[in-house]
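For reference, the structure is listed below as structure tokens.
FYI, side chains are in, hydrogens and waters are out, and symmetry mates aren't considered; it's all heavy atoms of this structure.
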Amino acid sequence: RPRPWPLRRRPLPLPPLRRRPPLPPRPLRLPLLRPLLRPRPLPLAAGAAVGLWLSLGHTHESVSRTEQLARTSAFFEVHPALKVWGSCALLLLCLFAATPWPPLVLFAVMSALICERGRRWHDYRAALTVPALFLAAGVLALLWEYSSVPEGTAMIPFFGGWLVLRPAAQCTARLVMARALGALGCLYFIRFTTPVSELLHVLRAARIPETVIDLAVLMYRYIFLLLETHAAMRDAAASRLGFGSFRRDLRTTGILYGNLLAHSFRRAQASFDAMESRCAGGKLLFLTREKPLRAVHLAGFGVLLVGMT
């Protein structure tokens, strides 16, 4: 019996095509910075407290205060050449460090030595304020890069392009910040433990030209003189209501800095006349005394140098 021919079924009509809605803009992916996107009260309060603490701690110290801190330090009796050249060697090792941990440990050790069990914590905090803010701005500039395409672990639209955060930039910023902190600790160890007179003695022993040393001393001295004069002029202007409005602020500030410039020239000329009247021979000499080079101090710097390598 022949098989019946199968009936052809008409194909079902296809549903009308629907245009796919446009994709929403790519969200900002910040897996490493989620705590910043979802802030909590405690981190916000801690960050605000640290910022306020740094901003209120900054003060302009005078030459006498800096010299007093250096001469009353527990490391004042250490040989000045050992402090200067040992700190410079540690600074160079910080700059060539391959990982961020050795410079950070060195910064912590130097900070502990400078603070002397918390007795100088306020002065050390005041000195760290400006370098810390400058370092934070530099690290932010190293973290974010401009790119024409979205890539990296984080991205922010910026004037037709993207500010991207790459893993390599994070590693670089972390290493640069650690190196800068370690070098800063070494420099501040010299500042808080070595008076200017001993520092000049070390530089003369290293055959630094006398002209360079004299210019450095005069510049160091006159920076603080200008700061003290500016503070006195500003207090005098404020006591006479010179900062009442924006227009008055501009006028008072212009007069203040004009008088400060004229005063600096008069002060420099008076100092030069005083040196000429005393038959100055062109060298600024300071009285220093010899200090012994102890084995304990050598061993301490040796341990730090070995730890950095």
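No donor-acceptor pair under 3.5 Å is formed between the side chain of T194 and the backbone N or O of R191. At distances below 3.5 Å, at least one donor-acceptor pair connects side-chain atoms of Y188 with backbone N or O atoms of A127.
Nearest heavy-atom pair across R179 and C94 is CG-O, 3.1 Å. Listed here is the closest heavy atom pair of G242 and D249: O-OD1, 4.0 Å. Summarising the geometry of V139 relative to A173, their closest heavy-atom pair is CG1-CB, 4.1 Å, with the distance given to 0.1 Å. For the residue pair A89 and L305, the shortest heavy atom distance occurs at CB-CD2, 3.9 Å. Residues L175 and T99 share a closest heavy-atom pair of CD1-C, 3.7 Å. For H230 against Y257, the heavy-atom pair with the smallest separation is NE2-OH, 3.5 Å.
In summary, the aromatic rings of F189 and F75 are positioned with their centroids under 6.0 Å apart.
To the nearest 0.5 angstrom, L260 atom CG is 10.5 Å from F265 atom CZ. In this structure, NE2 on H201 lies 10.5 Å from NZ on K291, to the nearest 0.5 angstrom. In this structure, CG in L142 is found 12.0 Å from CD in Q170, a value given to the nearest 0.5 Å. Distance check: I114 CD1 to L69 CG gives 10.5 Å after rounding to the nearest 0.5 Å. Considering CE of M177 and CG of L135, their distance stands at 7.0 Å, rounded to 0.5 Å. Taking CZ of F134 as the reference point, atom OG1 of T129 lies at 15.0 Å (rounded to 0.5 Å).
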### Derivation of the side chain to side chain contact (heavy atoms under 4.5 Å, CB included) call for L163 and E145
CA-CA 5 Å; L163 288 178; E145 302 177 7; over 6 Å; no
Worked verdict on S197 versus R71 for side chain to side chain donor-acceptor pair (under 3.5 Å) = CA-CA 11 Å; S197 58; R71 293 186 178 276; 3.3 Å; yes
- request: For S271 and Y222, run side chain to side chain donor-acceptor pair (under 3.5 Å): C-alpha distance rounded to whole Å, both residues' side-chain angles, the deciding distance at 0.1 Å, then the answer.
  value: CA-CA 11 Å; S271 299; Y222 272 88; 2.3 Å; yes
- Message: Apply side chain to side chain contact (heavy atoms under 4.5 Å, CB included) to residues V196 and Y220 and explain how you reach the verdict.
- Response: CA-CA 9 Å; V196 177; Y220 175 78; 3.5 Å; yes
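With hydrophobic clusters built from ILVMFWY side chains whose heavy atoms lie under 4.5 angstrom apart, L90 shares a cluster with L293. L104 and L113 end up in the same hydrophobic cluster when Ile, Leu, Val, Met, Phe, Trp and Tyr side chains are linked at under 4.5 Å. Under the 4.5 Å side-chain heavy-atom criterion for ILVMFWY residues, a single connected hydrophobic cluster contains both L256 and L226. Note on L93: it clusters hydrophobically with V105, by side-chain heavy-atom contacts below 4.5 Å among ILVMFWY residues. Both L298 and M308 sit in one connected hydrophobic cluster of ILVMFWY residues. Membership requires side-chain heavy atoms under 4.5 Å apart, directly or through other members.
Put simply, the side chain of L184 reaches to within 4.5 Å of the side chain of L128, judged on heavy atoms. At least one side-chain heavy atom of L106 sits less than 4.5 Å from a side-chain heavy atom of C186. The closest side-chain heavy-atom distance from R248 to L250 is not below 4.5 Å. Between L304 and M110 the shortest side-chain heavy-atom distance falls below 4.5 Å.
Heavy-atom neighbours of R251 CZ from other residues, nucleotides or ligands within 6.0 Å: at or below the threshold of 12.
H122 and R125 form a side-chain donor-acceptor contact under 3.5 Å, judged by distance and modelled atom types alone. For the residue pair T253 and R234, no side-chain donor N or O sits within less than 3.5 Å of a side-chain acceptor on the partner.
With salt bridges taken as basic N to acidic carboxylate O contacts below 4.0 Å, none links R294 and E77.
Under the 30°/60° scheme for interplanar angles, the aromatic rings of Y124 and W121 are found to be tilted.
Both the sub-6.0 Å distance and the 45° axial angle are not jointly satisfied by K83 relative to the ring of F301.
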